[in-house]
Trainee: 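To start, I am sharing the structure in question, which I have written as structure tokens.
Each chain gets a letter, A, B and so on, in the order its sequence line appears, and its residues count up from 1.
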2 protein chains.
Amino acid sequence: MSRSSTSRSISTTEPRAPTLTDVAEAAGVSYATADRVVNQRGNVAAKSMRKVQDAMSALGYVRNLAAANLSRQRTYRLAFLLPGGRNAFFNRMRAHVESAATRLAADQITVEVIDIDAFAIKGLRQSLKALDASRYDGIAVVGLRADEIVEPLDDLGSTGTIIVGLVSDLPEKHRSAYIGIDNESAGRTAARLLGLAHGPGAKGRIQLLAGSLSSVDHAERLKGFTDVITSDFPMIKCLDPIMTRDRANAVKTAVEHALRKGSTTTALYNAGAGNAGLTTALRERNKRSRPLCVVHELVPHTLAGLREKYIDVVIDQRPDIEVNRAVTLMKDLIDGRQPLHTHALVPTIYLHDNVPCDVHGISPGNDKQT
Amino acid sequence: MSRSSTSRSISTTEPRAPTLTDVAEAAGVSYATADRVVNQRGNVAAKSMRKVQDAMSALGYVRNLAAANLSRQRTYRLAFLLPGGRNAFFNRMRAHVESAATRLAADQITVEVIDIDAFAIKGLRQSLKALDASRYDGIAVVGLRADEIVEPLDDLGSTGTIIVGLVSDLPEKHRSAYIGIDNESAGRTAARLLGLAHGPGAKGRIQLLAGSLSSVDHAERLKGFTDVITSDFPMIKCLDPIMTRDRANAVKTAVEHALRKGSTTTALYNAGAGNAGLTTALRERNKRSRPLCVVHELVPHTLAGLREKYIDVVIDQRPDIEVNRAVTLMKDLIDGRQPLHTHALVPTIYLHDNVPCDVHGISPGNDKQT
DNA sequence: CATTAATTGATTGACGTCTATCATTCCGTG
DNA sequence: CACGGAATGATAGACGTCAATCAATTAATG
């Protein structure tokens with residue numbers, strides 16, 4: 001119990017890690033044969049194979065990836081297909097990709113951002129078809145679950161390019177992985193927070209907002225949200241969602257309407273974007289009391305809303321983490337090794353009290369062209 | 001606006017990345033001179049230096065880290081100094097370190113876990129002094145801000161070993177970085193959530209629990225907590241914290257006492273550990289209503305508490321992310337390059353609705369010896 | 001046993017960088 | 001101009017792996 005310094009060696013800390021030459025020697029075969037085994041070149045007798053594999057596990061051989069990549073001149077050419085335009089969230093994500101690019105270069109990883117049409121099936125299809133697969137080893141796509149893009153996806157996949165869905169998933173069978181949050185769970189989380197914040201047994205009316213219902217993400221969030229309210233907070237009523245097409249103006253109008261004189265709306269939940277309109281509407285209305293507000297994504301306007309206490313909760317996807325994972329994951333898949341993280345990302349919940357003082361890539365107005 | 005496939009190349013996707021030979025050639029100097037510049041070996045004329053640097057930026061030269069490490073036989077020998085014993089949180093962290101070890105081996109990174117006395121200044125000092133600095137390039141220490149450990153830390157540091165604080169910080173001047181959450185902010189977050197959950201303008205009495213006040217983490221959390229309650233929820237009263245020494249039994253007793261017949265306690269906040277006692281106490285007491293509960297760290301018992309709705313909120317440090325960052329950070333520091341992440345980690349807030357179905361390393365009873 | 005096929009060994013030249021050595025050239029000083 | 005130190009060039013051998021070649025050995029077949 002009180003013994004200290006009990007070293008539990010995981011990787012044995014030997015003078016030097018064993019090389020394939022060591023393995024060959026231990027197995028009693030030539031380097032060439034050992035190489036044939038590890039690189040599966042065939043033409044190896046079962047007996048030799050066994051001897052080599054035994055030696056490998058006996059010595060704890062791990063192939064030196066750096067040396068291997070150096071030798072075969074492997075580089076990782078990655079691309080991020082992000083919606084262009086003025087979307088604050090994706091601007092933030094873009095900033096993270098760009099800042100990651102520099103440091104990744106040292107590891108022979110190149111990263112490109114390719115603009116695609118935001119959420120437009122046809123545009124996405126075009127962009128995918130226009131991609132020169134031979135130029136990329138992996139692409140991360142902010143996608144859609146639409147049959148129209150299956151064909152270009154499979155074309156890319158057939159050339160060996162790794163494809164992962166990012167933020168918004170692709171047709172499941174036609175990508176290797178998805179990196180993003182579980183939107184239904186996020187909606188449920190929002191509901192739980194709002195339900196709790198109404199106080200035990202209190203009545204309430206929550207105005208829902210969303211970009212559009214054809215956006216699967218928003219629909220999933222609303223579903224999760226209403227499910228939890230219905231089952232766990234029966235005294236609270238969810239009003240029919242207002243569609244804003246993620247436009248700040250539309251959000252502003254909707255919020256103003258929801259809070260017009262005599263309204264009994266107790267809370268707002270915006271499953272979509274355009275929250276600049278929300279803070280504006282609340283700021284202009286100078287009342288001491290305001291409805292509870294839960295929104296998504298930490299961007300300049302929602303950050304300001306949190307700081308100035310117009311917004312109670314921001315559920316954030318953490319694009320920095322998503323970019324990071326996307327890179328690691330694609331690299332793993334390209335290397336053909338078992339990826340580390342498998343479970344969905346859990347979004348970060350920001351309140352007035354836990355926003356980091358410096359939020360990278362959030363300061364507004366950075367449209368720098370690299 | 002509707003143009004698609006606007007490629008914005010960040011790292012120019014050339015046929016091949018330029019090597020130092022290319023740089024030397026472009027600069028009109030020999031490879032040896034170029035090498036003297038990049039490796040700062042001295043004995044280079046200012047003029048030559050300039051020429052090489054110009055060529056580097058002109059070609060966009062980035063040194064191939066893999067090749068460099070291969071050549072100089074660089075390995076990264078890391079150690080995690082974690083409190084041993086039965087602490088559920090650190091068991092989880094240990095599991096993450098161990099599972100990371102395998103995959104890191106391919107990148108010439110070895111990871112060891114070294115048990116230290118939990119939170120005991122003397123034990124920590126002993127463990128640090130017993131460390132053979134020449135065996136490690138970097139160590140991550142679950143530390144204490146105590147003057148007694150400054151000396152062993154500096155001894156380690158003077159041999160070039162990188163030292164980072166993990167979860168609980170070390171004396172600031174004597175470590176390179178800290179990886180962990182901002183505990184005061186976490187306490188404030190807990191307070192905000194509980195404050196909101198009381199409902200607008202509602203009265204309340206919150207029973208505070210903690211391991212001990214000599215534990216800086218717990219003290220910071222309590223400070224943040226009471227600050228927010230005092231300033232933003234004046235109708236709510238914080239009861240004097242009960243010290244549990246993180247023992248489940250003590251927590252159980254404290255909870256039972258707080259909820260004894262006639263009690264008007266509306267909520268519980270445990271800034272420390274030992275939540276097995278909390279769920280037990282709540283489970284045994286079969287009343288339909290229960291106080292709001294906010295606790296720290298997702299471990300088997302708190303997970304169960306969330307699922308069975310005995311606990312409302314779990315504020316989790318995400319040991320997986322912390323381990324990951326610690327490794328990346330130490331590697332960066334050893335390589336002498338600017339680390340990527342700087343701001344403190346934001347803990348994940350788990351509610352009943354967003355716990356991942358598979359929580360790695362949380363299943364109880366894994367005391368596997370590797 | 002001869003012939004063919006399968007398997008193995010031995011070796012070599014990359015890959016990009018580091019480290020070291022040694023010979024050469026340059027420059028300023030006396 | 002000669003000298004010495006500073007600066008530069010040229011080169012070579014690692015590092016661990018990949019990819020390829022060719023010769024040598026072994027096993028399988030009729």
Trainee: Between Arg72(A) and dA14(C), is there a side-chain N or O to OP1/OP2 distance below 4.0 Å?
Mentor: no
Trainee: Taking atom P of dC15(C) as reference, at what distance in whole Å does atom CG of Asn64(B) sit?
Mentor: 12 Å
Trainee: Can you tell me if Arg337(A) uses its side chain to pair, donor with acceptor, with the backbone of Arg103(B) under 3.5 Å?
Mentor: yes
Trainee: When you measure from the side chain of Gln73(A), which nucleotide among dG9(C), dT17(D), dG16(C) comes out closest?
Mentor: dG16(C)
Trainee: Show me the side-chain donor-acceptor pairs of residues 29-37 of chain A shorter than 3.5 Å, one per line, residues at least two apart or across chains.
Mentor:
unit_1, atom_1, unit_2, atom_2, d
Ser30(A), OG, Ala32(A), N, 3.4
Ser30(A), OG, Thr33(A), N, 3.3
Ser30(A), OG, Thr33(A), OG1, 3.4
Asp35(A), OD1, Arg41(A), NH2, 3.3
Asp35(A), OD2, Arg41(A), NE, 2.7
Asp35(A), OD2, Arg41(A), NH2, 3.0

Trainee: For the pair made of OH in Tyr31(B) and P in dT17(C), what is the distance, rounded to whole Å?
Mentor: 6 Å
Trainee: When you check the phosphate oxygens OP1 and OP2 of dG9(C), does a side-chain N or O of Ser30(A) lie under 4.0 Å from one of them?
Mentor: yes
Trainee: Closest-nucleotide mapping onto DNA chain D: is Ala34(B) or Ala67(B) further toward the 5' terminus? I mean the 5' end.
Mentor: Ala34(B)
Trainee: Let me confirm one number: the CG-CD1 distance from Leu345(A) to Ile321(A), rounded to the nearest 0.5 Å.
Mentor: 7.0 Å
Trainee: Compute both the distance and the angle, then confirm whether Arg74(A) meets the cation-pi test with Tyr76(A): under 6.0 Å from the six-membered ring centre, within 45 degrees of the axis.
Mentor: yes
Trainee: Nearest nucleotide by nearest heavy atom, which residue falls closer to the 5' end of DNA chain C, Thr33(A) or Arg63(B)?
Mentor: Thr33(A)
Trainee: Between Arg175(B) and Asp169(B), does at least one N-O distance fall below 4.0 Å, as a salt bridge requires?
Mentor: yes
Trainee: Tell me which residues in residues 35-47 of chain B lie within less than 4.0 Å of DNA chain D, going by non-hydrogen atoms.
Mentor: Arg36(B), Asn43(B), Val44(B), Ala45(B)
Trainee: Whole-Å distance between dT17(C) P and Asp107(A) CG?
Mentor: 13 Å
Trainee: Quick check for you: among dG9(C), dT17(C), dG16(D), whose closest atom lies nearest to any side-chain atom of Leu70(A)?
Mentor: dG16(D)
Trainee: Between Tyr61(B) (OH) and dT17(C) (P), how many Å, whole number?
Mentor: 4 Å
Trainee: Return the value, rounded to whole Å, for the distance between atom CG of Asp335(B) and atom P of dT17(C).
Mentor: 15 Å
Trainee: For Leu20(A), answer base if it contacts any base atom (sugar-phosphate contacts may also be present), sugar-phosphate if it contacts only those atoms, and nothing otherwise; contact means non-hydrogen atoms under 4.0 Å.
Mentor: sugar-phosphate
Trainee: Does a salt bridge link Lys173(A) with Asp154(A), judged by any charged N lying under 4.0 Å from a carboxylate O?
Mentor: no
Trainee: If I compare all heavy atoms of Val44(A) with all of Met49(A), which pair ends up nearest, and what's the gap?
Mentor: CG1-N, 3.9 Å
Trainee: Between dG16(D) atom C1' and Met56(A) atom CE, what is the distance in whole Å?
Mentor: 16 Å
Trainee: What's the angle between the local helix axes at either end of the helix from dC1(C)-dG30(D) to dG30(C)-dC1(D), using five pairs per end and rounding to 10 degrees?
Mentor: 30°
Trainee: Would Arg63(A) pass as a cation-pi partner of Tyr61(A), given that its NZ or CZ must be under 6.0 Å from the six-membered ring centre and within 45 degrees of the axis?
Mentor: no
Trainee: With the threshold set at 4.0 Å, does a side-chain nitrogen-carboxylate oxygen contact exist between Arg135(A) and Glu112(A)?
Mentor: yes
Trainee: Figure out the CE/C1' separation between Met49(A) and dA6(C), and round it to whole Å.
Mentor: 14 Å
